Amino acid sequence: ITIIRDSHAHSCISTWLNAASVCCLENMPSAEAKLKKNRCANCFDCPCCMHTLSTRATNIPAPLPDDPSKTAMKKAYYLACGFCRWTSRDVGMADKSVASGGWQEPDNPHTQRINKLIEYYQQLAQREKLERDRKKLARRRPYMPLAFSEKYGLGTRLQRQRPGAPITSLAGLSLKEGEDQKEINIEPAQALDEVEPLPEDYYTRPINLPEVTSLRQRLLQPDFQPAGASQLHPKHKHLLIKRSLRCRKCEHNLSKPEFNPTSINISSECQVLLTLTNPVESITHVTLVGCEEGDPEDINSTAKVMVPTKELVLAGKDAAADYDELAEPQDFQDDPDVVAFRKSNKIGFFIKVVPQREEDGDVTVSFKIRHDFRNLAAPIRPSEEDDAPTEAIWLTHHVELSLGPLVA
Amino acid sequence: CSKRRSSGRIHANIAAGAVVCVESEIRGDVTIGPRTVVHPKARIIAEAGPIIIGEGNLIEEQALIINSYPENIMPDTEGVEPKTMTIGINNVFEVGCVSQALKIGDNNVIESKADLGKNVILTSGCIVGACCQVNTCEVIPENTVIYGSNCMRRVQTERPQPQTLQLDFLMKILPNYHHMKKTVKGTSTPVRN
């Protein structure tokens, strides 16, 4: 049997990216993730050991709102790390009365300045782009009257005109209608002459080692970079990217990673094309049967296989078939869902493969082939009876196919 | 001929109120305070000296508390003073940990498969993380947390809470499923064969 593996007939694949949170398994499209700065809204990382923080509750006595003299047990929530035993109380964060959503990251004091700088540079970049485009069009001007610009689709910008003004090809480039271009000015950063002096005991004060943050802890919070452990606030957890693949033609999901191991349904089927060649000169009938449960020969298969239920008929090998163009092709009435092609003594047929596990190794399937065989060799002792037609015997073979690794 | 020392007791001195399962192995001169729970398959071995365990401790399965001879001293050497191992109150020895520390204070937690050497002294409120080996020769300051594969350390602001709920639960449930070792009231006279 020769095998052609064609695991998915369509070769155009589209990919799309999603962001997913590992801890709370929240899924969101990448645009939304960008807004949230690629961080999960619910989950926090321990600032000390970078594991995920869990929310714990305690009962604290609190005065009732109606009657301040009586106290009732109220639930208070705090964040705690199960690995290094850091708690939100270590940095002075008060317990919250709601389990989630009450925790805020501290504000960066430089946010305003940074945003202004970003706006300024964005505007600058836009202006430079316009300048470049303007220069390109200016060069093309003698060759391209306005009528052509419509044909070549240079964009509607050129067609926008200020009311009353003559039509010029560059009219649309000066100002977008409806947008007021605010001039954003930034003050340049000021260099200071005087720097705060170091405290006097800087060299003599003994180090309180548990209070000093490590470089890693410090740099994971680039806005603050606290030197003291009592200023290490938890940050929201980073989201991870899921890259999903989908076939453009049949809209089948080819690969959709999941972070939750219990939610994986491996339902992807592949069609595999196998070719079967008949080595003998007589017609051979072939039936394929899947392996039973507990079949002692079925040790290596890692995928389920669905073989065609109908009997396949293979024409005999005919050495002259290639040269005999007048021979009528034998009509076998093949089911097109099963038989892909037929060529003299060869047949191509489909089997469906469903991988059972996410394996690193190859996908292996096994099944049984049952076919008839006529021994046409002349018997040593000619029988005394009439030439009985040679009896067909049915042979069954166990077949194991290794189809190669799973494409991730 | 027996190798038992003259001052050693054979039976453990288990105070009333302690819950010690019969399947635990207690060898040598061991005193266990009230409200301490010793799970089955825990081992408390007083080889080179007595062990005194305070109240409210929780010693889980396969934990090993052993007062062993220092490495270079043979059991038969004369003139070796037996050193007493003292364990305070409200400590937790989680599953599979090994403790040879001679002095352990109160409210400590020794997590699963942690390993404390002979020369370590735990004060109070310390947490030795899972699989952490501490075999230095030092006194661990209060409220220290040792965690991670490199035994990183940090200090926590609150000491671990005593496991009162768990202890109460176990003291009710364990006798339903296991036989308990007999407790004694006060000191018992040493029994000698």
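On a predicted model such as this, the values are computed, not experimentally measured, just so you know.
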May I ask you to check whether over 12 heavy atoms, not counting those of [X], lie within 6.0 Å of atom [atom1]?
X        : atom1 : result
A/Lys96  : NZ    : yes
A/Arg243 : CZ    : no
B/Gln161 : CD    : no
A/Leu198 : CG    : yes

Original post:
Using a cut-off of under 4.5 Å for heavy-atom pairs, which of A/Pro210, A/Ser214, A/Cys84 has the most such pairs with chain B?
Top reply: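 Looking at each option in turn, the highest pair count goes to A/Cys84.
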Original post:
After noting the C-alpha distance and the side-chain angles of B/Val109 and A/Arg85, does the key distance pass the side chain to side chain contact (heavy atoms under 4.5 Å, CB included) rule?
Top reply: CA-CA 12 Å; B/Val109 176; A/Arg85 311 269 178 152; 4.3 Å; yes
**OP:** Could you tell me whether the side chain of A/Cys81 reaches within less than 4.5 Å of the side chain of B/Tyr147, counting heavy atoms only?
**Re:**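 No; the side chains remain at least 4.5 Å from each other.
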